[in-house]
2 protein chains.
Amino acid sequence: MGEARWGPRERMVFSAAQLIRRDGVAATGMREVAAHAGAPRGSLQHYFPGGKEQLVNEAVGWAGRYAGKRIARFLAGLERPTPSGLFAAMAAQWTDEYAADGFTAGCPVAAATVECAAAGGSTREAAAAAFATWRSPLAEALAGMGVPAARAASLATLMISTLEGAILMARAERDTAPLRTAVRELGPLLDAAVAPAP
Amino acid sequence: MGEARWGPRERMVFSAAQLIRRDGVAATGMREVAAHAGAPRGSLQHYFPGGKEQLVNEAVGWAGRYAGKRIARFLAGLERPTPSGLFAAMAAQWTDEYAADGFTAGCPVAAATVECAAAGGSTREAAAAAFATWRSPLAEALAGMGVPAARAASLATLMISTLEGAILMARAERDTAPLRTAVRELGPLLDAAVAPAP
DNA sequence: CGGCTACTATGACAGCGGTCATACCCGGCT
DNA sequence: AGCCGGGTATGACCGCTGTCATAGTAGCCG
């Protein structure tokens, strides 16, 4: 993804997301984020006066927007758009990354949820917002393929849940099988939801 | 679950799982585990000379065995065993807990995976083993309901993936809707996999 | 040129984490 | 009794973390 001509602030948010994806929220230090972004340490308290919590929240928000935008891209990449094809493209992003770079990173929103949902902070809300930002265009895409609106929302939730869990299992087992299984098993169900043309 | 007449060692493993479930691995301190278990601090280095990593691994292993054993219990609780009924029971454990105690805790295996999969330690293997311990009896249960063996393994993986992801989303949004959606949408697919009786 | 704002640069601090070292208790065994 | 090993109890250490405080620089504006 583009990493070059961004301001230091955006680089730090991006780096934070990257590191959280790999090591989790607690194990990611502020100094480490600055170093990874090639940004001066002093900029942290300048751009993120809210401290670590603000930085994490912005990283989570960035991830949610990124996932949301990818939906449109995946959709554009399919010649014959179907729900199963879209889901396969979503999963392929992960299988490709794992095949290329190893199973070092997961979803930053998942990490933030696991580590911050119990603590009363605002990060949980950021994670919820990220999921919403992700699910909304996905449901819209399904509706555009002929899935009834009510069903589209449910299936979008199901797709994200399954993908998120498959990512988890894939990382634990160092094997993309859970991702491929999810695509294979869920595909027919998704395609069956398109309203039958009379 | 039974918490009373256990040895201090088991209490510590149980407490570790409990705290990891809530706050994650990194945010759970050794001293906190001992305090939560009502065990003396000095017992930590006695029972777990491998340090925190060993304690976490045992907690994850405990969670995996617990989940595996629950499958048999759920199965026994169904008068007419069906795949969808089993999945509904698995999800109901979470919806019930969330309705009763709030969304304070998730799955400890998920937490360990998210936080320890990148770090080269042995915890990732413990998480993989826990998933295997969970999936194996689940696949067996599906096979016992008439699902062909090859398919049963795939569906077991799918069920755990979806459940795990739904737990994640439910915690983030403080809403059991993702869990209920997973049950509603996945149920028919699961039941359709039972081999048609001739 | 002065002055102001945006940003950078360091250093210090207080807290907490896991781990090691050491000493203590106490029941059982011989 | 004497010993011993499983378990307990503390205290100290060191590294790290997030945060604050303070000072410094760059560049625009008047």
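Below, chain A is the first sequence line, B the second, and so on; all start at residue 1.
- Considering every non-hydrogen atom in both B:Tyr47 and B:Gln54, the closest pair reads O-NE2, 3.9 Å.
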> Going 5' to 3' along nucleotides 12-29 of chain C, which nucleotides have protein heavy atoms under 4.0 Å from the base (write B), which only from the sugar-phosphate (write S), and which from neither (write -)?
Replying inline: B-----BBBB--------

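- Contact check for A:Arg9 versus A:Phe48: side-chain heavy atoms found under the 4.5 Å cut-off.
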Only pairs under 3.5 Å count here: list side-chain donor-acceptor contacts from residues 75-83 of chain A, not counting sequence neighbours, and write none if there are none.
| unit_1 | atom_1 | unit_2 | atom_2 | d |
| --- | --- | --- | --- | --- |
| A:Thr82 | OG1 | A:Ser84 | OG | 3.4 |
| A:Thr82 | OG1 | A:Gly85 | N | 3.0 |

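- At whole-Å resolution of the value, CE in B:Met12 and C1' in D:dT8 are 11 Å apart.
- Atom pair B:Tyr47:OH and D:dA9:P shows a separation of 11 Å (rounding to whole Å applied).
- For the pair A:Phe48 CZ and D:dG18 P, the interatomic distance rounds to 14 Å; values are reported in whole Å.
- Ring-plane geometry between A:Tyr98 and A:Trp94 is classed as tilted, the angle between the planes lying from 30 to 60 degrees on a 0 to 90 degree scale.
- Contact annotation: B:Ser43 does not reach the phosphate of D:dG7 (side-chain N/O to OP1 or OP2, under 4.0 Å).
- Using a 4.5 Å heavy-atom threshold, the side chains of A:Leu179 and A:Leu163 count as touching.
- No side-chain donor-acceptor contact under 3.5 Å links B:Ser154 and B:Arg151.
- Between the CG atom of A:Leu44 and the C1' atom of C:dA6 there is a distance of 16 Å, rounded to whole Å.
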